[in-house]
Amino acid sequence: KFTKEERKVIFTNVSVVLKDDKSKAELKEKILEEKSKSKDEKTSLKAKKELTLIKTLKDVVKQKRPKDRQEHIKNINSDIRRVFGIGVTPKKETVNNLIPLTYEMSQNYPNPFNPVTKINFALPKTGMVKLIIYDILGREIKNLINNETRFAGRYTVEFNGSNLASGVYFARILVNEGKDFMAVKKMILVK
């Protein structure tokens, strides 16, 4: 444990260091502003890029006191978009959503496959998922996911057809017994 006097010294030292760092950052910003006005295009462009990055980070790092959890999440998402330059305007946002906006099932890859393939699907909300493989006659071959609860997100399931004959198979997904989403994809096994 530190004594009261040692705490004062530590506090003073930290304050001095922070002020020193702040003044160095301000000086660097001024130098970059001068370089950005330089006649040399290469130096000017490099300085402008660095200056833009510093200003963006400075804007993002500002301390914000959110009123509630939703505002906190909104602030973080906004900061991430600004840092990575995603979504210049709210109407034309191109956000790489981790949680999809719609249900979807992608075509398996590779297709044709021998003997393993991957099936991707996306859920915008939590649901009971069933993923079944059928043969060309409609017989159930394998139940990859049997009415399991899956949270919103993107999933990849691997299907191994090493014990099956070459031919056409179908992958069918049902979310909440087909009430929310149902899709079928054709797969070809070649040995």
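Small disclaimer: the values here were computed from a predicted structure and weren't measured.
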Fill in: Taking every non-hydrogen atom, the tightest pair across Ala152 and Pro124
CB-O, 3.4 Å
Discussion item. Under the criterion side chain to side chain contact (heavy atoms under 4.5 Å, CB included), I'd like the reasoning laid out for Asn147 against Val129: C-alpha separation, chi angles, the key distance, then a yes or no.
Written reply: CA-CA 5 Å; Asn147 254 354; Val129 177; over 6 Å; no
Worksheet item: Out of curiosity, does Tyr103 fall in the hydrophobic cluster containing Phe151 (side-chain heavy atoms, cut-off under 4.5 Å, transitive links)?
Response: yes
Worksheet item: Within a radius of less than 6.0 Å around CD of Glu6, do more than 12 heavy atoms belonging to other residues, nucleotides or ligands occur?
Response: yes
Fill in: Interatomic spacing from CD1 in Ile133 to CZ in Arg139 - rounded to 0.5 Å
15.0 Å
Worksheet item: Could you state the interatomic distance from CG (Leu123) to CD1 (Ile173), rounded to the nearest 0.5 Å?
Response: 6.0 Å
Discussion item. Let me check something: do Val168 and Leu137 share a hydrophobic cluster, defined by ILVMFWY side-chain heavy atoms less than 4.5 Å apart, either directly or through other members?
Written reply: yes
Item to complete: For residues Arg172 and Val184, determine if any side-chain heavy atom of one lies less than 4.5 Å from a side-chain heavy atom of the other.
Response: yes
Response to the item:
Between the CG atom in Leu174 and the CE atom in Met105, the distance rounded to the nearest 0.5 Å is 10.0 Å
Worksheet item: Given the rule that I, L, V, M, F, W and Y join up when any side-chain heavy atoms are under 4.5 Å apart, are Met187 and Val157 in one cluster?
Response: yes
Practice prompt. Report the residues that fulfil side-chain hydrogen bond (donor to acceptor under 3.5 Å, both in side chains) with Arg7, sequence neighbours left out, ordered by chain and then residue number.
Written response: none
Worksheet item: Do Ile119 and Ile136 belong to the same hydrophobic cluster, where Ile, Leu, Val, Met, Phe, Trp and Tyr are linked whenever their side-chain heavy atoms lie under 4.5 Å apart, directly or via other members?
Response: no
Practice prompt. Indicate the atoms forming the closest heavy-atom contact of Gly138 with Tyr134, along with that distance.
Written response: O-CD2, 3.5 Å
Item to complete: Look at atom CD of Glu140 and say whether more than 12 heavy atoms of other residues, nucleotides or ligands are closer to it than 6.0 Å.
Response: yes
Practice prompt. Return yes if some donor-acceptor pair links the side-chain N/O of Ser36 with the main-chain N/O of Glu33 below 3.5 Å, else return no.
Written response: yes
Discussion item. Would the distance check show the side chain of Gln107 and the main-chain N or O of Lys186 forming a donor-acceptor pair, the cut-off being under 3.5 Å?
Written reply: yes
Worksheet item: In terms of hydrophobic clusters joined by side-chain contacts under 4.5 Å, are Ile132 and Phe159 together?
Response: no
Worksheet item: Would you find a donor on one side and an acceptor on the other, under 3.5 Å apart, between the side chain of Asn108 and the backbone of Pro110?
Response: yes
Worksheet item: Donor-acceptor pair, Asn176 side chain versus Lys179 backbone, under 3.5 Å?
Response: no
Worksheet item: Do Glu158 and Leu144 have side chains that get closer than 4.5 Å, going by heavy atoms?
Response: no
Fill in: Main-chain N/O of Phe113 paired with Thr117 side-chain donor or acceptor, under 3.5 Å
no
Discussion item. Just verifying a value: how many Å separate Arg69 CZ and Ile73 CD1, rounded to the nearest 0.5 Å?
Written reply: 6.5 Å
Check residues 10-18 and write down every donor-acceptor pair under 3.5 Å in which the side-chain atom is one partner and the other belongs to a residue at least two apart or another chain.
| residue | atom | partner | partner atom | Å |
| --- | --- | --- | --- | --- |
| Thr12 | OG1 | Lys8 | O | 2.7 |
| Asn13 | ND2 | Val9 | O | 3.4 |
| Ser15 | OG | Phe11 | O | 2.9 |

Worksheet item: Looking at OG1 of Thr156 and CG of Asn120, how far apart are the two atoms once the value is rounded to the nearest 0.5 Å?
Response: 3.5 Å
Item to complete: Could you tell me which non-hydrogen atom of Leu32 sits nearest to which non-hydrogen atom of Ala47, and how far apart they are?
Response: O-CB, 3.7 Å
Discussion item. Students often mix this up, so state it plainly: with edges at 30° and 60°, are the rings of Tyr155 and Phe121 parallel, tilted or perpendicular?
Written reply: parallel
Worksheet item: Which pair of non-hydrogen atoms, one from Pro100 and one from Ala122, has the smallest distance, and what is that distance?
Response: CG-CB, 3.5 Å
Worksheet entry | Presence of salt bridge, Lys28 and Glu50, under 4.0 angstrom | yes
Item to complete: Answer yes or no: does atom NZ of Lys142 have more than 12 heavy-atom neighbours from other residues, nucleotides or ligands under 6.0 Å?
Response: no
Worksheet item: What distance do Lys130 atom NZ and Ile145 atom CD1 have between them, rounded to the nearest 0.5 Å?
Response: 12.0 Å
Fill in: Chi angles and distances behind the side chain to side chain contact (heavy atoms under 4.5 Å, CB included) call for Arg154, Glu104
CA-CA 9 Å; Arg154 299 182 188 280; Glu104 58 185 76; 4.1 Å; yes
Discussion item. For Lys191, is the NZ atom crowded, meaning more than 12 foreign heavy atoms sit under 6.0 Å from it?
Written reply: yes
